[in-house]
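For reference, the structure is listed below as structure tokens.
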There are 2 protein chains.
Amino acid sequence: MPERGDAIRQQIIEAANRLFYQRGYNQTSFRDIADAVSIPRGNFYYYFKTKDDILYAVIDHRIESIRATLAAWDATSTDPQHKLRLFLAMLRNSDSELAQYGCPMGSLNIELGKAQPVLKAKARQMFDLFRDWLTVQLTALEVSQPQAMALHLLGRAQGIAVMAQTYNDTALLHTEIDQLVNMLNAIPAKSALP
Amino acid sequence: MPERGDAIRQQIIEAANRLFYQRGYNQTSFRDIADAVSIPRGNFYYYFKTKDDILYAVIDHRIESIRATLAAWDATSTDPQHKLRLFLAMLRNSDSELAQYGCPMGSLNIELGKAQPVLKAKARQMFDLFRDWLTVQLTALEVSQPQAMALHLLGRAQGIAVMAQTYNDTALLHTEIDQLVNMLNAIPAKSALP
DNA sequence: GTCTATAAGAAGATAGAC
DNA sequence: GTCTATCTTCTTATAGAC
């Protein structure tokens, strides 16, 4: 059952989640988060002992969010090709955020990968979720190396996000996503096989 | 003619260049750079007034380095396809740095793009150099949309760098670069045209 | 559970002696 | 040109009153 204070804890996580994305983890201070939630700075430490603790909670929050998204896609259809299009549609629908702040998973991994290996290992778990889900869909489509193809797709998405943010250009993002959709449609549907 | 102190100024730029890449711009302090060059912190301000000034100098240094690299590639061959392979060979040769710290251009743009628009505009100039050089080569190869293709290639390289760093995996990088080499070789050579 | 006050240290930056 | 001392502000974090 929910304890008292859980609501504020949740507010902190959501504010930190947004700020870490928009400013970066190291560029976000306790003060920023406390101000966003309108609680005094000192009270902060009742909920989280260290800054790393908040990051872990934020990543866990994101992981749950990703799991929910993937489950929703799985519930929408049994056609793996259609599910993969949902993945690309998500990127397309996030165009303005991606052009402003880049990919939340990618930018966090790059930042932490520079000099915070322990935190980065945690952040990588978000990538693993997508990689494994994509691998399942590509296995169902019987492509030759499903996991390599899953990593390829993730990489393409990351590259598109970096370029869209670098040039602040959603049109570039749309053009590149279209190419991925075409590539996907070129995979022979399993039902067409003997 | 070189003034006194230029040698130390150059040492500062080179140390900052390395530290910005390995730790990130915002995660590198004056103290870090001063210690790396073994000069007292106070003396630092004789050479650079603000931290932004150092970043500008570092980016200018990188831009000169990129220009020199592109000029060297241009001098090596007149065959655009061969020159494009030199671009991909550079990525392959940087595999361990890319897997550790990501792409120096991409990671800097992502970091600054979050909340430092003025600095990011400067950092984007590095991308412009590669974009324009790639566009020239692809125009010579008479591909249909040379600039879009140049941005596509840059994006592919960025995506590969993000994945290589996220999974700390140079093998993944090699696999993906091989695909780019194959894609490049599939472009019909201009000399084969009527 | 909530809040105030404040510590301890690191950050960017300055003044001024040598 | 070089260096010491110092300032202010911000950061993470704690103690303890309410």
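By convention in this document, chain letters (A, B, ...) are assigned in the order of the sequence lines, proteins followed by strands, and residues within each chain are numbered from 1.
- Distances from the side chain of Tyr45(A) to the nucleotides dA13(C), dT4(C), dT12(D) place dT12(D) closest.
- Around the CD atom of Gln179(B), the shell of radius 6.0 Å holds more than 12 heavy atoms that belong to other residues, nucleotides or ligands.
- Between the CZ atom of Phe44(B) and the C1' atom of dT4(D) there is a distance of 17 Å, rounded to whole Å.
- Within the 4.0 Å cut-off from OP1 or OP2 of dG1(D), at least one side-chain nitrogen or oxygen of Tyr46(B) is found.
- Protein atom CG of Asn43(A) is 17 Å distant from nucleotide atom P of dA17(D), rounded to whole Å.
- What separates CG of Asp53(A) from C1' of dA13(D) is a distance of 13 Å, to the nearest Å.
- Distance from the side chain of Phe30(B) is smallest for dG12(C) among the nucleotides dC3(C), dG12(C), dC3(D).
- Looking at heavy-atom distances under 4.0 Å, Arg31(B) makes contact with sugar-phosphate atoms alone, never a base.
- The nucleotide whose nearest atom lies closest to any side-chain atom of Lys51(A) is, among dA13(C), dC3(D), dA13(D), dA13(D).
- We find that Asp6(A) and Arg9(A) are not joined by a salt bridge, their nearest charged nitrogen and carboxylate oxygen being 4.0 Å or further apart.
- If you take CZ of Arg9(A) and C1' of dG1(C), they are 15 Å apart, rounded to a whole angstrom.
- A side-chain donor from one of Asp32(A) and Ser29(A) sits under 3.5 Å from a side-chain acceptor of the other.
- Under 4.0 angstrom from either OP1 or OP2 of dT2(C) there lies at least one side-chain N or O belonging to Tyr47(A).
- When the side-chain nitrogen and oxygen atoms of Ser29(B) are compared with OP1 and OP2 of dA10(C), none of them lie within a distance under 4.0 Å.
- One atom, CG of Asn26(A), and another, C1' of dA10(C), lie 14 Å apart when rounded to the nearest Å.
- Side-chain contact, Asn109(A) with Gln165(B): no donor N or O sits under 3.5 Å from an acceptor N or O.
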